[in-house]
Amino acid sequence: MVDETPAPPEGFIRQIIREELAAGKIDGVVTRFPPEPNGHLHIGHASAICQNFLVAETFGGRCHLRFDDTNPAAEEAHYADRMMEDIRWLGFDWGEHLHYTSDYFEQIFEFACVLLREGTAFVCDLSSEEIAAHRGTLKEPGTASPYRERSPEENLDLFQRMRAGEFAPGERVVRAKIDMGSSVLPMRDPVLYRIQATAHPRTGTTWPIYPMYDFAHSLSDAIEGITHSLCSHEFVDRRPLYDWILEHVGIPTPRPRQIEFGRVGLTHTVMSKRHLARLIDAGIIPGWDDPRMPTLSGMRRRGYTPESIRNFCTGVGLTRQPKTVDLARLEFEIREHLNEVAPRFMGVQRPLKLIVENYPEDGSEELSAVNNPQDPTAGSREVPFSRELWIEQDDFAEDPPKKFHRLTPGKEVRLRYAYLVTCTDVVKDADGQVVEVHCRYDPETRGGDAPDGRKVRGTIHWVSARHAIPAELRLYDVLFRDEEPDPRDEGFEDALNPDSLKTLDPAWLEPSLAEAPAGTRLQLERLGYFCVDPDSTADRPVLNRIVGLRDTWGKLAKRGKA
RNA sequence: UGGGGCGUCGCCAAAUGGUAAGGCAGCGGCCUUUGGAGCCGCCAUUUGCAGGUUCGAAUCCUGCCGCCCCAGCCA
């Protein structure tokens, strides 16, 4: 299904499945990804998506997409559409198996009747506060509801009347009759059904009652023939309930099996919807698809490729251990992928004028530049050259630090794909700022080669001032300075990186970039990988920096300064 | 001892009683018309700690320590 992702590492779940297969307990594998349509998918979800789809794929099975829509008060239909878009973008296909828990409401209702009939569930009239009070605490057992021993007849009758809409929300619930003394809290007569007055996005007002997660999820798994219900670790405590429900409702074996894995987080960001929403509400971040967000829509807009995200997810493995993976690992994956496929261009972020004194005043010529040194089939393009160029401010130093191989008075550098030039003069403004650099070129070095074989250490990029197109560059950095920002901390928002976005405008790009459509990914040589943003207009591209190139000079310079 | 879970290099992670893989990050060097890419080398005498069993322990046993999850009519 996904060609470019290397085979994922085995992991404990695949081992378990192999054993079950070998023992003849199961004869196939069906998993599911079960999001609630009430938010935006992020890189943590991507991990769950990859695991579910890829574990199934390993065994020639399938993975369903199921929207867990049992709480109309919290859910909206448009979220489901966005989620499908994200999952498809990641490269996964659920085929015929797009499901909604709400499709099973009738069956789930029948299963509840089974429990009521068997005397393993009851209708409880306690208020939600009273139920909480009866639940006990972590260390003390709970006490039984006074309604626990109602007869099956009365329970069934009451449940039918709940369904008929005879009661107000909160008035009655259906509870499993398990064990108020259990040390596992979800087993203390958990609520299975509650009354809700909200209209449901898919079933409208046909149901005044809705099943709770534990009841709906386990049964939906069973209904769909899910063999392995993979979920994150905080559901471990609910596994006994998951099993209890399937058993007591009479699901034949082999029943679906819940297996929990550790969540995946990323350094320098947070995943929780609530805290990300806070950044948006506070106006710090404009939206869920902002390129700084860890959401899939944000990462897509930033320019991350699906391959890089998949490789990240499978690369960090599937274990029980919760993990916070170094952002550098993600950056490694996107560089690795884009190095292979991104065409190269030249562009100048912070322009400084370079005048080639001995180049004809009105002259210009086209020079050939390689599109991708990693890919011979990518061909080459023509780049215009003229007397006045833009070069990077950082590529000139009047008083260079040690090991500075770029342009400096009296020294010779290579203008990439153009000529060898020697710096002859510097023009400054009244404040002593360098505003213009002058040089002379060697006409014998067209293309950048020295016929006499002389070695030139530095190569810098450039763009012809007369031909260049202006652009806006958006340089992104981490959302939080802290490696592991803790939303529980008082100063949580103080930990935000004030420089998470730097806008450079105007930057100058070689003209071949004039009509690059939104979504185009490319490398600006020596600067980084960029992606054309939808904010671009016909005469002014906007480029998002996905990630910078590895910068050993930057590290050197920083270290030297410190 | 309320219950459950997790502890192997800065971050991930393998190792399933036979003597601590690999990746990322970092650090040296080579090479280079991207200070990119590539290549070479270095980077855990030790697996949270302390004991024990064993010819042999990250793996088994005992005790301890640390962190996380659970008291929604959310998922």
Side-chain angles (χ1 to χ4, degrees), chain A residues 9-11 15 34-36 38-39 68-71 73-75 124 126-129 131-133 135-142 169-175 182-188 190-196 209-210 212-214 216-217 231-240 260 262 264 267 315-317 319-333 335-336 339-340 344 346 369-370 373-374 403-406 414-418 420 445 447-450 456-461 483 523-528 548-557:
Chain A
E10 189 71 358
Q15 283 185 25
E36 180 186 20
N38 74 340
D68 212 345
D69 55 348
T70 58
N71 182 5
E75 296 148 8
C124 183
L126 256 23
S127 70
S128 107
E129 294 74 22
I131 288 176
R135 187 149 32 226
T137 66
L138 292 179
K139 294 186 179 178
E140 299 153 21
E171 221 176 300
R172 285 193 164 84
V173 293
V174 172
R175 293 224 261 163
S182 175
S183 50
V184 178
L185 269 49
M187 294 296 268
R188 317 240 264 225
V191 173
L192 265 23
Y193 259 96
R194 82 289 213 183
I195 300 170
Q196 233 180 71
I209 55 173
Y210 294 92
M212 297 289 290
Y213 165 81
D214 295 287
H217 200 93
C231 62
S232 53
H233 227 91
E234 58 270 29
F235 290 91
V236 178
D237 291 340
R238 334 197 64 100
R239 186 173 0 114
E260 311 83 14
V264 175
T267 57
V316 300
T319 65
R320 290 192 166 97
Q321 173 85 19
K323 42 187 149 242
T324 302
V325 183
D326 197 330
L327 212 219
R329 179 70 176 265
L330 218 209
E331 294 185 335
F332 163 80
E333 296 293 352
R335 285 193 189 106
E336 172 122 306
N339 177 48
E340 299 299 324
R344 271 65 166 171
M346 289 198 285
V370 170
Q374 306 300 310
K403 295 185 177 171
F404 186 83
H405 302 312
R406 286 109 101 146
R414 173 184 298 105
L415 294 178
R416 174 143 241 230
Y417 297 127
L420 265 28
T445 59
D449 288 310
V456 176
R457 186 69 197 264
T459 299
I460 65 175
H461 59 273
E483 267 207 3
Q523 183 193 108
L524 249 26
E525 293 214 27
R526 304 212 305 136
L527 298 177
L549 257 28
R550 254 186 90 228
D551 183 11
T552 45
W553 166 248
K555 262 183 286 191
L556 250 184

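Remember, predicted model here, so these are calculated numbers, not experimental data.
For the pair A/L420 and A/R414, the minimum side-chain heavy-atom distance is below 4.5 Å. Using a 4.5 Å heavy-atom cutoff, the side chains of A/E336 and A/E340 are not in contact. At a threshold of 4.5 Å between non-hydrogen side-chain atoms, the residues A/V370 and A/R416 do not count as touching.
The side chain to side chain contact (heavy atoms under 4.5 Å, CB included) test with A/E260 is passed by exactly one of A/R239, A/R238, A/E234: A/R239. In summary, of the residues considered (A/H405, A/K403, A/R526), a side chain to side chain contact (heavy atoms under 4.5 Å, CB included) with A/W553 occurs for A/K403 alone.
Of the candidate nucleotides B/C73, B/C6, B/G35, B/G35 has the atom nearest to the side chain of A/T552. Side-chain proximity of A/V184 to B/G3, B/G72, B/A25: nearest is B/G3. Of the candidate nucleotides B/C70, B/G35, B/A13, B/A13 has the atom nearest to the side chain of A/Q321. Closest contact between the side chain of A/A328 and the listed nucleotides B/C24, B/A37, B/U34 involves B/C24. Comparing B/G36, B/G35, B/A75 by their closest approach to the side chain of A/Q374 singles out B/G36. Taking every side-chain heavy atom of A/T137 into account, B/A71 is the closest of B/C27, B/A71, B/U34.
Contact annotation: A/T70 reaches the phosphate of B/A75 (side-chain N/O to OP1 or OP2, under 4.0 Å). One finds no side-chain N or O of A/K139 lying less than 4.0 angstrom from the OP1 or OP2 phosphate oxygen of B/U1. The side chain of A/R320 places an N or O atom within less than 4.0 Å of a non-bridging phosphate oxygen (OP1 or OP2) of B/C6. Within the 4.0 Å cut-off from OP1 or OP2 of B/G35, at least one side-chain nitrogen or oxygen of A/R526 is found. Put simply, A/R194 has a side-chain N or O that comes within less than 4.0 Å of OP1 or OP2 on B/C74.
With P as the reference atom, B/G51 and B/G38 are 46 Å apart, rounded to whole Å. Comparing B/C65 with B/G56, their P atoms sit 29 Å apart, to the nearest whole Å. The separation of B/U59 from B/A15, taken at their C1' atoms, amounts to 9 Å, rounded to a whole angstrom. Spacing between B/G35 and B/U47 at atom P, rounded to whole Å, works out to 44 Å. Comparing the C1' positions of B/C43 and B/U32 gives an interatomic distance of 26 Å, to the nearest angstrom. Comparing B/A25 with B/A44, their C1' atoms sit 16 Å apart, to the nearest whole Å. Here the separation of B/G52 from B/C67, taken at their P atoms, is 28 Å to the nearest Å. Here the separation of B/U16 from B/A21, taken at their P atoms, is 13 Å to the nearest Å.
Summarising the base pairing, B/A13 is matched to no nucleotide, lacking a Watson-Crick or G-U wobble pair whose two defining distances lie under 3.5 Å. Pairing of B/C60, defined by two Watson-Crick or G-U wobble distances under 3.5 Å, is identified with B/G52. Base pairing annotation: B/C67 forms a Watson-Crick or G-U wobble pair with B/G5, both donor-acceptor distances under 3.5 Å. Across the strands present, B/G38 finds its partner in B/C30; the criterion is a Watson-Crick or G-U wobble pair with both atom distances under 3.5 angstrom.
If you check every strand for non-hydrogen atoms under 4.0 Å, A/Q196 touches sugar and phosphate atoms only. Counting any heavy atom pair closer than 4.0 Å across all strands shown, A/F235 reaches a base atom. Among the heavy atoms of the strands, none lies under 4.0 Å from A/R175.
At a cut-off of 3.5 angstrom, counting only N and O atoms as typed in the model, there is a donor on one side and an acceptor on the other between the side-chain of A/H405 and the base of B/G35. Side chain A/D237 to base B/G3: a donor-acceptor pair is found below 3.5 Å. Looking at A/R406, its side chain comes within 3.5 Å of the base of B/G35 through a donor and an acceptor atom.
Taking the O4'-C1'-N9-C4 or O4'-C1'-N1-C2 dihedral as appropriate, B/G66 has a value more than 90° from 0 and is therefore anti.
Both A/R135 and A/Q15 lie close to RNA chain B; mapped to their nearest nucleotides by heavy-atom distance, the more 5′-ward contact belongs to A/Q15. Both A/V325 and A/P322 sit near RNA chain B, but only A/P322 has its closest nucleotide nearer the 5' end.
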